[in-house]
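Notes for the one structure printed next.
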Amino acid sequence: MPSCPRTGRPIRPCSCWAKRAEPAHSSPIGVLIHPEYGLWHAYRGAILFVDSHALPPRRDLPSPCESCADRPCLSTCPVGAFSTDGYDVPACVAHLGDPAGADCREGCLARRACPIGRDYLYPVAANRFHMGAMARANRT
């Protein structure tokens, strides 16, 4: 876990905060899944307040993955980058750089295979941007 450069205390990943704030759960492919928005939500930042603030109660909803028997998110990736053992980033990045990866560059097929939150799928241009940025950041 990373630590704060000023205090040295551990910094919890924002996914831990998200799970405390709303019904977000770990999905089989590693990103958080929301019961309504599926894999199509994101956290772009956090605000830390010194004082406590009253917040609405957290909705306690089960993970949609618990009732998903087929788990298409694990079987759709053409290079098998997702498994219960984790995410094979090098395999994904290599595929994105290959002509055969054109469909994946339009948005991760594993994420697009999830039946939850289909109405919230990112636009193709946004998917292209994020997939390209991920591939560039992970090239060796």
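Just so you know, these numbers come straight off a predicted model, no measurement behind them.
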- Item | C114 side chain near P72 side chain, heavy-atom distance below 4.5 Å | no
- Task: Could you check if a side-chain atom of L121 sits within less than 4.5 angstrom of a side-chain atom of R118, using non-hydrogen atoms only?
- Result: yes
- By salt bridge (charged side-chain N to carboxylate O under 4.0 Å, His left out), R112 pairs with (sequence neighbours left out) D103
- How long is the span from the CD1 atom in I116 to the SG atom in C68, to the nearest 0.5 Å? 7.0 Å
Side-chain donor/acceptor pairs under 3.5 Å, residues 26-38, sequence neighbours excluded:
residue: S26; atom: OG; partner: K19; partner atom: NZ; Å: 2.7
residue: S27; atom: OG; partner: I29; partner atom: N; Å: 3.3
residue: S27; atom: OG; partner: G30; partner atom: N; Å: 3.4
residue: S27; atom: OG; partner: V31; partner atom: O; Å: 2.6
residue: H34; atom: ND1; partner: E36; partner atom: N; Å: 3.0
residue: H34; atom: ND1; partner: Y37; partner atom: N; Å: 3.3
residue: E36; atom: OE2; partner: Y120; partner atom: OH; Å: 3.1

- Co-members of I47 in a cluster of I, L, V, M, F, W and Y side chains, linked at under 4.5 Å: F49
- For F129, does the CZ atom have more than 12 heavy-atom neighbours from other residues, nucleotides or ligands under 6.0 Å away? no
- Which residue pairs satisfy the ring-ring contact (aromatic ring centres under 6.0 Å, His included) criterion with at least one member in residues 91-116, sequence neighbours excluded? none
- Look at the side chain of H25 and the backbone N and O of L61, then say whether any donor-acceptor pair between them is shorter than 3.5 Å. yes
- So do R111 and F82 actually touch side chain to side chain, heavy atoms under 4.5 Å? no
- Task: State, to 0.1 Å, how close L96 and A135 come at their nearest heavy-atom pair, and which atoms those are.
- Result: CD1-CB, 3.9 Å
- Message: Would W17 and E22 count as a side chain to side chain contact (heavy atoms under 4.5 Å, CB included) here? Give the steps.
- Response: CA-CA 9 Å; W17 300 345; E22 66 174 341; over 6 Å; no
- Tightest non-hydrogen contact, residues V93 and M134, listed as CG2-SD, 4.1 Å
- May I ask you to decide whether R128 forms a salt bridge with E106, counting only side-chain N to carboxylate O separations under 4.0 Å? yes
- Residue pairs passing the side chain to side chain donor-acceptor pair (under 3.5 Å) test where at least one lies in residues 60-73, sequence neighbours excluded: R58-D60
- Item | Nearest-0.5 Å distance that lies between atom SG in C73 and atom CG in L109 | 12.5 Å
- Note on the structure: With sequence neighbours left out, the residues meeting ring pair (Phe, Tyr, Trp, His ring centres under 6.0 Å) with Y122 are W40
